[in-house]
Enquirer: 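The structure that follows is given in the form of structure tokens.
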Amino acid sequence: MIEQVLLNLMKNAVEALVDAGTPRPGVELHTCVSNGKWRVEVVDNGPGLAAGMQDNLFTPFYSTKPEGMGIGLNICRSIVEFHRGEFGAVSSPEGGCVFWFSLPLAGAELGGAGGWSNEMPSC
């Protein structure tokens with residue numbers, strides 16, 4: 001299931017770059033481990049999230065794509081949360097967008113205030 005999350009995020013990034021006509025499109029995958037969690041980031045160099053879009057990203061049936069169903073990101077978030085993880089998205093200060101998720105490592109203790117901020121990428 002986690003590979004579906006990753007595939008959906010990468011597919012969305014590529015489609016957003018194509019739709020925006022980004023001159024030199026790029027998608028990067030970053031991973032890191034910290035505080036007993038594995039974090040994965042899909043980073044693109046497109047236009048980023050439009051103002052107000054972030055509030056609706058995970059709303060079922062909301063889509064910016066003409067043929068989109070508006071369930072992909074909501075399903076991704078549900079899968080990650082089912083695995084006791086966190087999921088989010090931010091516009092990168094350098095331009096583009098970062099969709100990220102983190103999952104607890106096997107054997108890592110849960111609880112405590114550790115975690116990543118939804119405001120800045122960490123990897």
Side-chain angles (χ1 to χ4, degrees):
M1 290 172 111
I2 297 302
E3 66 254 24
Q4 258 333 112
V5 172
L6 188 53
L7 286 171
N8 189 62
L9 294 179
M10 294 186 77
K11 179 178 177 278
N12 284 354
V14 170
E15 288 175 355
L17 293 171
V18 170
D19 291 346
T22 304
R24 295 182 54 103
V27 177
E28 295 179 2
L29 178 66
H30 301 176
T31 66
C32 59
V33 174
S34 180
N35 299 325
K37 295 181 180 181
W38 175 53
R39 181 173 169 120
V40 177
E41 298 174 351
V42 176
V43 182
D44 71 50
N45 65 341
L49 296 172
M53 185 185 296
Q54 191 160 352
D55 294 339
N56 293 312
L57 280 177
F58 306 110
T59 302
F61 309 111
Y62 171 82
S63 179
T64 59
K65 301 175 190 177
E67 298 173 14
M69 293 178 59
I71 58 173
L73 289 176
N74 192 33
I75 290 172
C76 287
R77 184 175 67 174
S78 295
I79 290 170
V80 169
E81 288 176 350
F82 176 79
H83 288 87
R84 299 181 324 222
E86 299 174 279
F87 189 93
V90 293
S91 286
S92 172
E94 297 85 30
C97 190
V98 179
F99 278 83
W100 63 270
F101 64 91
S102 63
L103 298 169
L105 297 173
E109 291 199 25
L110 296 177
W116 281 283
S117 165
N118 191 32
E119 295 180 16
M120 285 296 291
S122 296
C123 293

Enquirer: What orientation do F101 and W38 show, parallel under 30°, tilted 30 to 60°, or perpendicular over 60°?
Expert: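 Plane angle over 60°, so perpendicular.
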Enquirer: Examine V27 and L7 and state if one hydrophobic cluster contains both, with Ile, Leu, Val, Met, Phe, Trp and Tyr joined whenever side-chain heavy atoms are less than 4.5 Å apart.
Expert: no
Enquirer: Where do L29 and L6 land on the side-chain contact (heavy atoms from CB on, under 4.5 Å) test, with the steps shown first?
Expert: CA-CA 9 Å; L29 178 66; L6 188 53; 3.6 Å; yes
Enquirer: What do the steps show when you test L9 against F87 for side-chain contact (heavy atoms from CB on, under 4.5 Å), and what is the final call?
Expert: CA-CA 11 Å; L9 294 179; F87 189 93; 3.7 Å; yes
Enquirer: Please check this pair: side chain of S92 against backbone of V98, looking for a donor-acceptor N/O pair closer than 3.5 Å.
Expert: no
Enquirer: Determine whether V80 and R77 satisfy the following criterion, side-chain contact (heavy atoms from CB on, under 4.5 Å), listing intermediate values before the conclusion.
Expert: CA-CA 5 Å; V80 169; R77 184 175 67 174; 5.8 Å; no
Enquirer: Which heavy atom of D44 sits nearest to which heavy atom of G46, and what is that distance?
Expert: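 Heavy atoms of D44 and G46 come nearest at OD1-N, 2.9 Å.
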Enquirer: State which residues pass side-chain hydrogen bond (donor to acceptor under 3.5 Å, both in side chains) with H83; sequence neighbours excluded, sorted by chain then number.
Expert: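 H83 satisfies side-chain hydrogen bond (donor to acceptor under 3.5 Å, both in side chains) with no other residue.
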Enquirer: Could you give the distance from OG (S102) to CD (E41), rounded to the nearest 0.5 Å?
Expert: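 Reported to 0.5 Å precision, the distance equals 10.0 Å.
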Enquirer: Run the side-chain contact (heavy atoms from CB on, under 4.5 Å) test against I75 and tell me which residues pass, sequence neighbours left out.
Expert: I71, I79
Enquirer: Let's go through N12 and L73 carefully: what are the C-alpha distance in whole Å and the side-chain angles of both, what is the deciding distance for side-chain contact (heavy atoms from CB on, under 4.5 Å) to 0.1 Å, and is it a yes or a no?
Expert: CA-CA 9 Å; N12 284 354; L73 289 176; 3.8 Å; yes
Enquirer: So, for G85 and L103, which heavy atoms are closest and what is the spacing to 0.1 Å?
Expert: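 So the two residues come closest at CA-CD2, 4.0 Å.
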Enquirer: Which pair of heavy atoms, one from A89 and one from W100, lies closest together, and at what distance?
Expert: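 Scanning both residues, the minimum pair turns out to be N-NE1, 3.8 Å.
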Enquirer: Using 0.5 Å steps for rounding, measure from the CZ atom of R39 to the OG1 atom of T31.
Expert: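 Answer for the CZ-OG1 pair, R39 versus T31, is 11.5 Å.
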Enquirer: Atom CG of L49 and atom OG of S91: how far apart are they, to the nearest 0.5 Å?
Expert: 4.0 Å
Enquirer: List for me each residue that meets side-chain hydrogen bond (donor to acceptor under 3.5 Å, both in side chains) alongside E28, sequence neighbours excluded, and say none if there are none.
Expert: H30
Enquirer: Are there over 12 heavy-atom neighbours, none belonging to Q4, within less than 6.0 Å of that residue's CD?
Expert: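 12 or below, so no.
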Enquirer: Could you report the tightest heavy-atom contact between L17 and G26, atom names first, then the distance?
Expert: CD1-O, 3.5 Å
